[in-house]
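Residue indices begin at 1 and follow the sequence shown.
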Amino acid sequence: MTTSSRRQTLRKTERLHEKKAIDSLFENPATVINSPVRLLWKAYEGVSEPPVKVVFSVPRRSFKKAVDRNLLKRRMREAYRKNKYILYGAIEKGMKHYHLMFVYIARDKVSYAEIESKIVLTLQRLADKTSGK
């Protein structure tokens, strides 16, 4: 899987928006932490299209202004969109689908380059965990 063989998109169907599904992520999730990003994830049996659904969150407690929260969510979405092939390459063989939640945990804004590098590390760690199961 190279980045050129796949389109680097993040379609609406790939976004996790159902309240029930998001709430279930908080019930015994597996976590991967690479500051400034924490990843909560759960695996489910069965085949789903798409195999991964994702949501991004920035706490209001840390960033009072919506402009700042939206900026950080946009940076996380872009970093995930450009690098999701890391995870897709590891899970295509399996008969599971995944729900992911990226939570921004730092108290200050960091650059896109730092967010992207941490999301890449997080996706690599998740890919290692999922391919080992």
Exercise for the section: Go through the structure and list residues passing salt bridge (Lys or Arg N to Asp or Glu O under 4.0 Å) with Arg81, not counting sequence neighbours. Expected result: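 Partners of Arg81 by the salt bridge (Lys or Arg N to Asp or Glu O under 4.0 Å) criterion, ordered by chain and then number, come out as Glu78.
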
Exercise for the section: Using the test salt bridge (Lys or Arg N to Asp or Glu O under 4.0 Å), find all partners of Lys109 that sit at least two apart in sequence or belong to another chain. Expected result: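 Testing Lys109 for salt bridge (Lys or Arg N to Asp or Glu O under 4.0 Å), a comparison that skips the adjacent residues, returns Asp68.
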
Handout entry: Euclidean distance, Lys53 NZ relative to Leu100 CG, rounded to 0.5 Å
Key =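 Between atom CG of Leu100 and atom NZ of Lys53 there are 12.0 Å.
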
Exercise for the section: Supply the atom-to-atom distance Asn34 CG to Leu126 CG, rounded to the nearest 0.5 angstrom. Expected result: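 Separation between the atoms: 11.0 Å.
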
Practice task
Could you work out the complete set of other residues in the hydrophobic cluster of Met101, with links drawn between I, L, V, M, F, W and Y side chains under 4.5 Å apart?
Solution key: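 Under the 4.5 Å side-chain rule, Met101 groups with Leu16, Ile22, Leu25, Phe26, Ile33, Leu40, Val55, Val103, Ile105.
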
Exercise for the section: Look at atom CG of Asp23 and say whether more than 12 heavy atoms of other residues, nucleotides or ligands are closer to it than 6.0 Å. Expected result: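 Yes, CG of Asp23 has more than 12 neighbouring heavy atoms, counting only those of other groups under 6.0 Å.
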
Exercise for the section: Would you confirm whether the ring centroid of Phe102 sits within less than 6.0 angstrom of the ring centroid of Tyr80? Expected result: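 Close enough - the centres of the two rings lie under 6.0 Å apart.
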
Practice task
Provide the closest heavy-atom pair for Arg75 versus Ser111 in the form atom of the first, atom of the second, distance.
Solution key: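 The pair with the smallest heavy-atom distance is NH1-CA, 3.9 Å.
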
Exercise for the section: Search all heavy atoms of Lys42 against all heavy atoms of Glu27 and return the closest pair with its distance. Expected result: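 Taking Lys42 first and Glu27 second, the nearest heavy atoms are NZ-O, 2.5 Å.
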
Handout entry: Test log, rule side-chain contact (heavy atoms from CB on, under 4.5 Å), inputs Thr122 and Arg38
Key = CA-CA 8 Å; Thr122 303; Arg38 173 188 293 141; over 6 Å; no

Problem - Residue list, side-chain contact (heavy atoms from CB on, under 4.5 Å) with Gln124, at least two apart or on another chain - result: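 Listed in chain order: Ile86, Val120, Leu121.
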
Pairs under 3.5 angstrom only: tabulate donor-acceptor contacts from the side chains of residues 57-66 to other protein residues two or more places apart or in another chain.
unit_1: Ser62; atom_1: OG; unit_2: Arg107; atom_2: NH1; d: 3.0

Exercise for the section: Tell me, please, which residues at least two apart from Tyr112 pass ring pair (Phe, Tyr, Trp, His ring centres under 6.0 Å). Expected result: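 By the ring pair (Phe, Tyr, Trp, His ring centres under 6.0 Å) rule, Tyr112 matches no residue at all.
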
Is [Y] reachable from [X] through a run of hydrophobic residues whose side-chain heavy atoms are each under 4.5 Å from the next?
X      : Y      : result
Ile115 : Leu71  : no
Val37  : Val110 : yes
Tyr85  : Leu39  : yes

Handout entry: Basic-acidic side-chain contact under 4.0 Å: Glu14, Lys84
Key =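 Between Lys84 and Glu14 there is a salt bridge, with a charged N closer than 4.0 Å to a carboxylate O.
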
Exercise for the section: Ignoring hydrogens and angles, tell me if any N or O in the side chain of Lys73 forms a donor-acceptor pair with the backbone of Tyr104 under 3.5 Å. Expected result: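 No; judged by distance alone, with no hydrogens or angles, the pair does not exist.
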
Exercise for the section: Starting from the C-alpha separation in whole Å, work towards a yes-or-no answer on side-chain contact (heavy atoms from CB on, under 4.5 Å) for Lys129 and Trp41. Expected result: CA-CA 11 Å; Lys129 287 182 180 186; Trp41 64 280; 4.3 Å; yes

Handout entry: Check: Val52 and His97 side chains under 4.5 Å, non-hydrogen atoms
Key =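 No, every pair of side-chain atoms sits at 4.5 Å or beyond.
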
Practice task
Please tell me if the side chains of Pro36 and Lys118 come closer than 4.5 Å, counting only heavy atoms from C-beta onward.
Solution key: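 Side-chain contact under 4.5 Å: yes.
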
Practice task
Report the C-alpha separation of Tyr44 and His99 in whole Å, then their side-chain angles, then the decisive distance to 0.1 Å, and conclude whether the side-chain contact (heavy atoms from CB on, under 4.5 Å) test is met.
Solution key: CA-CA 8 Å; Tyr44 297 93; His99 290 174; 3.4 Å; yes

